[in-house]
Amino acid sequence: MTPRRTPRRTVLIVLFDEVQSLDFTGPAEVFAGARQWTGDPGTYRVHTATLDGGPVRTSSGLRVTPDSALHDAPAAHTLLVPGGEGTRTPDPRLVAWLREHAPRAERVVSVCTGSFLLAAAGLLEGRRATTHWAFCAALAARFPAVRVEPDPIYVRDGNVVTSAGVTAGIDLALALVEDDLGREPALAVARNLVVFLRRPGNQTQFSAPLAAQTASRPRLRDVQHWIVENPAADLSVEALAARADLSPRHFARAFHSETGMTPGRYVDRVRLEAARRQLEDTGDGVEEVSRACGYGTPEAMRRAFVRALGASPAEYRRRFRPLTAA
């Protein structure tokens, strides 16, 4: 392969005790893969740093030795802040360093709960942002000046990009490689890592069963499972209430109370997820998928996809068709 000369980009990854290892190793592998593809060592230079240059222990117990202390780190083109348990009670010195140095980077990126560190440093004030779905409410409550969006897997606002939990950091890194180098290298890296290129940032970050709590009452829990297994059935409140042997009003109130989601919202998410999976995993036509997943017509499914994902079913399938072997 003829080496391709590209601008040098330093990716500075900030490490701390109780960091989530996949939050930084996943993106690091993406940038390393892009460097290998270009044949130019300067394409991406991944550099890790801690406050004092000493090793840290990740939330899974791995011991990681950084390249340097933060005060000795090279200037960052991309500053990446991972998440993990260590973001809950961060060292004030780390927050102060981010407040001073992050604005100097060309772009600032957080993965998972790394957004809490950016917010604490004032870097998300007035911006749109996301984090792991389980912590979105906490981020919004703790930092009311941040416009938290709980659904997307990553959110761009200017030169600040925040992403959802763990593997969403890989999606985000692939998107950044595509921005910097184009689709071909990003596709090559995705193929090598055996992942899709690429989940759009506005794709919802969790499935319907994960988004909703599991009901404690067996009858409601059975209804939840039945909805997932039968997306094309009559899933009106009246039909579901009859299955639970409750009045429609009582059922709707109890379902929302126990799952944190209305029956209609839960059904919408289940059907969307079922359609997504069928588009990804089968060659069935859009009309067939719409019937099988309870939409009835292709137009109804198209409206649901555009509203939730910002892409038509055909566009979604194009983006998500599994990569073939190289």
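- Within 6.0 Å of the CZ atom in Arg93, the count of heavy atoms belonging to other residues, nucleotides or ligands does not exceed 12.
- In the model, Arg253 has no side-chain atom that pairs as donor or acceptor with a side-chain atom of His250 under 3.5 Å.
- Under a 4.0 Å N-O distance rule, the pair Glu273/Arg276 does not qualify as a salt bridge.
- You'll find the side chain of Thr87 stays beyond 4.5 Å of the side chain of Cys112, heavy atoms only.
- Contact check on Asp180 versus Arg9 returns a salt bridge, with a Lys/Arg side-chain nitrogen under 4.0 Å from an Asp/Glu carboxylate oxygen.
- Side-chain N or O atoms of Thr113 include none that pairs as donor or acceptor with a backbone N or O of Phe116 at under 3.5 Å.
- Sparse packing is recorded around CD of Glu125, with 12 or fewer heavy atoms of other residues, nucleotides or ligands lying under 6.0 Å away.
- Note on Arg45 versus Asp67: no salt bridge recorded, every NZ/NE/NH1/NH2 to OD/OE distance being 4.0 Å or above.
- Ring orientation note: the planes of Tyr266 and Phe255 are nearly perpendicular, at an angle over 60° on the 30°/60° scale.
- Under the 3.5 Å distance criterion, the side-chain polar atoms of Arg128 are left unmatched by any main-chain donor or acceptor of Asp157.
- Residues Arg291 and Glu288 are not paired through a salt bridge, judged by the lack of any N-O separation under 4.0 Å between the basic side chain and the carboxylate.
- A distance-only check finds no donor-acceptor pair linking the side chain of Asp72 to the backbone of Ser68 [under 3.5 Å].
- At a threshold of 4.0 Å, the pair Arg57-Glu18 does not count as salt-bridged, since none of the basic side-chain nitrogens sits closer than that to a carboxylate oxygen.
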